[in-house]
Protein chains: 4
Amino acid sequence: MNKREVPSLVKDEKLVKKRRDQMIKGAVKLFKEKGFHRTTTREIAKEAGFSIGTLYEYIRKKEDILYLVCDAIYDEVHEKLEKAIDRDKVTLESLEDALVAYFHVMDEMQDEVMVMYQESKSLSKEALPYVLKKEEEMVEIFIEMLSQLVQEKQLDLDEKEIQLISHQIVVQGQMWSFRRWGLKHLYTLEEFIEKQNRLIFKGILPEQ
Amino acid sequence: MNKREVPSLVKDEKLVKKRRDQMIKGAVKLFKEKGFHRTTTREIAKEAGFSIGTLYEYIRKKEDILYLVCDAIYDEVHEKLEKAIDRDKVTLESLEDALVAYFHVMDEMQDEVMVMYQESKSLSKEALPYVLKKEEEMVEIFIEMLSQLVQEKQLDLDEKEIQLISHQIVVQGQMWSFRRWGLKHLYTLEEFIEKQNRLIFKGILPEQ
Amino acid sequence: MNKREVPSLVKDEKLVKKRRDQMIKGAVKLFKEKGFHRTTTREIAKEAGFSIGTLYEYIRKKEDILYLVCDAIYDEVHEKLEKAIDRDKVTLESLEDALVAYFHVMDEMQDEVMVMYQESKSLSKEALPYVLKKEEEMVEIFIEMLSQLVQEKQLDLDEKEIQLISHQIVVQGQMWSFRRWGLKHLYTLEEFIEKQNRLIFKGILPEQ
Amino acid sequence: MNKREVPSLVKDEKLVKKRRDQMIKGAVKLFKEKGFHRTTTREIAKEAGFSIGTLYEYIRKKEDILYLVCDAIYDEVHEKLEKAIDRDKVTLESLEDALVAYFHVMDEMQDEVMVMYQESKSLSKEALPYVLKKEEEMVEIFIEMLSQLVQEKQLDLDEKEIQLISHQIVVQGQMWSFRRWGLKHLYTLEEFIEKQNRLIFKGILPEQ
DNA sequence: AATGAATGAGAGTTCATTCAT
DNA sequence: CATGAATGAACTCTCATTCAT
């Protein structure tokens, strides 16, 4: 369930990866501008640098592109996040590092994040769960960190609180993406991060 | 800028309102199920109980329907919220009441909220600002309340903090809509509200 | 099972009949010339005298046109045949009349018959049985006549013989359509009929 | 006119024959299942065991495959028939043998026969005559046999009758192929042959 | 001689919008 | 005011054919 293979007529896996990367890049750009439904497969092919025929050598249906895009975005977010944090030794400081890293990633990938949020519901009943799964894994990262901190008595939260807060963290990162119009003129990214972190820690640290 | 008139060929304003209400009701139902793009104007007309020809007596383009829908949703949320709170005499208690009211509205209108979030970017460059304006007004409600509380020295927050927190409140309400899959099995609405309120107050109350 | 309704978006049944007749007429002409697969829906619409959009108001899929064509052809053959014969009072003479009528119909509708024979296998699994049923009904007409004659002791054939001969009659009529290249330069229709009838009667009359 | 060369880029004739045989075998199988138009060149190549590129080394256009298939089928029918009969010494008995052989061949090659009948009209104006010629040759076999028998006064038929009956024989063999649905549940092949032969002989033998 | 990735014309189908009734 | 038949631009997807390797 962790991956859903999108079949390709082309056998050479290297090439498949290359072409799909071109495709995804072009698609993200177009989806950002006009959304999934307003973007035509021909435009995607053109933006990717090949013909419509070639496009369909690498996917079966237009929806596959959306799936690949969502998949790629999450993978990238995931990867960047994992790189930034050390899951083995969790401290309050490393939690803060993780938050900083997460907010930075969300800033860098603003457009991609918006695309996913606005278009994922266009995925079919079959593909959607795979994308939601990815999203869940993101929440999971924070759940794990918080759980460890609780175990080590650095925080005092029950299971349900951990989950709620983790969701909240993830959502607050997304907020930076889809509320730029309301936030960007007030805060720089750095200020926003600092403020958010302070609020989050206020929420979780035991009141003394 | 507060309203954008959608022109109608029909002059009788009462009738226009009636037909548009039918239309909006049908459209929301369909948009919930299949999204804006997958819903056809024919389907909307049918669901509304009149013919496609009649539909086009009351709007110019399909997008007008989306605008009317978004407009109606915000109006309803707004109205319910205003009804629940007393903006004249703000206390920490009435802030809490407002939060409770807000979360309840977001719960009742889950589907509508999702529709707006996922489809509003399908609005044209001209219509979008009007919808964003509505959204801003929602944030405004909380900004005002918080500002008053600050003025009355019940809270100690600067202007930017007020805005950030107001955005956060609004987003957290929306979170209940578009994260049901992750939250509903953990919390009842009441528990969720209680938890959220505690966290919000923790965030804003001065540490003693 | 006797009819398979092809759904139409247009409600007015008279209009549906009229438009479909135009459509069928155009389609038969084109199918004759280039076959079902080589004929485009656009060509059919044009030949029928309306736009591609209108075409699709009266059918759901291209295949529906083929079904309507096959259906119409059989109906016409059937009708002409029923008109020519009196099923109540069967004599050897009226059997001969029926044969003459049948061969005439097959001559008049040569092209249509060819279309059906060469294209019916393009029908879907669902539609094909309905067309085969029609064909069977044609065979049935002769089975009934022969059966009556046997009952009245005018002929001496068992059940299986009756069926085989009926099939043979039907096939021989079709032969005139799809073997014109080999037969037309030898026989006029009248000669062909006369010869065929003589052969058929030789085959079924008891040897004296 | 007896053969129409389909040009090949490959010079080695042995190889050409081998590859085309593979191709024909695969194509017949696929055409049986889904018809000429629904079968793609890719599928044919795959079924034949080589790549699409290789396929086009041995033909110029998809239609060539259909021509080769029709050609091959007739060749096979022809060959089997010639093997079964002795054209030099024709008697009423050997005519019967020929009929038996012919019906057997038609039974063995049912699917192939259907393919030819339903797809040959997809051949181009240039290729069709070559295929019809083959068909004519089949009729010719019976014309020759009957003519000899007439010459030897074993039968009394004029030229036109001979031709009609020959056509009829050929058609009746085909009938066994494309009317299985109506005949197979009534007759075994052996019964069918016996019945048909009796009818044919009744038709041609002088009434005593 | 064999491969298979690339191509793009062209097919079927949909659907927002119009307009005569 | 209401209707719904008519329109055709535009979309997704297919597949015969080519050609560099």
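Just the heavy atoms: all of them, side chains too, but no hydrogens, waters or symmetry mates, feed the values below. Within every chain, numbering begins at 1; the chains are lettered A, B, ... in the order of the sequence lines, protein sequences first and strands thereafter.
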*Could you please name the option among dA2(E), dC15(F), dC15(E) that lies closest to any side-chain atom of Thr54(D)?*
dA2(E)
_Go nucleotide by nucleotide along DNA chain E from the 5' end; which of Ile52(A) and Lys61(C) gets its closest nucleotide reached first?_
Ile52(A)
*Counting any heavy atom closer than 4.0 Å, what does Ser51(D) reach on the DNA or RNA strands: base, sugar-phosphate only, or nothing?*
base
*Heavy-atom distance under 4.5 Å between the side chains of Arg19(A) and Glu57(A), does that happen here?*
no
*Is it true that a side-chain atom of Arg38(A) and a backbone atom of Ser122(B) form a donor plus acceptor pair closer than 3.5 Å?*
yes
*Rounded to whole angstroms, how far apart are CG on Leu55(B) and P on dA16(E)?*
10 Å
_Nearest to the Val10(D) side chain among dG12(E), dA9(E), dA2(E), which nucleotide is it?_
dA2(E)
*Atom pair distance, as rounded to whole Å: NZ in Lys17(D) and C1' in dA1(E)*: 19 Å
*Residue closer to the 5' end of DNA chain F, Gly53(C) versus Thr41(A) (nearest nucleotide)*: Gly53(C)
*Tell whether Arg42(C) reaches the base of dT13(E) with its side chain through a donor-acceptor pair below 3.5 angstrom.*
yes
*Which part of the nucleic acid does Lys11(B) contact within heavy-atom distance under 4.0 Å: base, sugar-phosphate only, or nothing?*
sugar-phosphate
*asked:* OP1 or OP2 of dT12(F) versus the side-chain N and O atoms of Arg60(A): is any pair under 4.0 Å?
replied: no
*Can you tell me the distance, in whole Å, between the NZ atom of Lys46(A) and the P atom of dT7(E)?*
14 Å
*Compare side-chain N and O positions of Tyr58(D) against OP1 and OP2 of dA1(E) and report whether any pair is under 4.0 Å apart.*
no
*What about Arg38(C), does its side chain sit under 3.5 Å from the base of dG10(E) through a donor-acceptor pair?*
no
*Among dA5(F), dG8(F), dT14(E), find the nucleotide with the atom closest to the side chain of Glu57(C).*
dA5(F)
*Which nucleotide, in any strand shown, forms a Watson-Crick or G-U wobble pair with dT21(E), with both distances under 3.5 Å?*
dA2(F)
*Output the distance between atom NZ (Lys25(A)) and atom CD1 (Ile44(A)), rounded to the nearest 0.5 Å.*
15.0 Å
*asked:* Whole angstroms only, please: what is the NE2-P distance between His37(B) and dT14(E)?
replied: 18 Å
_Nucleotide nearest Phe50(D) (side chain, heavy atoms from C-beta), chosen from dT12(F), dC1(F), dT3(E)_ = dT3(E)
*Figure out the CG/C1' separation between Leu9(A) and dA16(F), and round it to whole Å.*
14 Å
_Whether the Glu126(D) and Tyr67(D) side chains hold a donor-acceptor pair (N or O, under 3.5 Å, no angle test) is what I'd like checked._
no
*Length of the CG-P vector between Leu66(D) and dA16(F), whole Å*: 13 Å
_Is the positively charged end of Lys62(C) above the ring of Phe36(C), judged by distance under 6.0 angstrom from the centroid and angle within 45° of the axis?_
yes
*Where the side chain of Leu15(C) is concerned, which of dA6(F), dA16(E), dC1(F) is the nearest nucleotide?*
dA6(F)
*asked:* Strictly by Watson-Crick or wobble contacts shorter than 3.5 Å, is anything paired with dG8(E), and which nucleotide is it?
replied: dC15(F)
*Can you tell me the distance, in whole Å, between the CD1 atom of Ile65(B) and the P atom of dC15(E)?*
14 Å
*asked:* Using a 4.0 Å heavy-atom cut-off, does Ser8(B) contact any base of the nucleic acid, only the sugar-phosphate backbone, or nothing at all?
replied: nothing
_Nearest heavy atom decides the nucleotide; on that basis, is Phe36(B) or Phe36(C) closer to the 5' end of DNA chain E?_
Phe36(C)
*Under 3.5 Å, is there a donor-acceptor pair linking the side chains of Tyr74(A) and Glu112(A)?*
no
*asked:* Can you tell me which nucleotide in dT14(E), dT18(E), dC15(E) comes closest to the side chain of Tyr56(C)?
replied: dT14(E)
_Glu63(D) CD to dT17(F) P, straight-line distance once rounded to whole Å_ = 9 Å
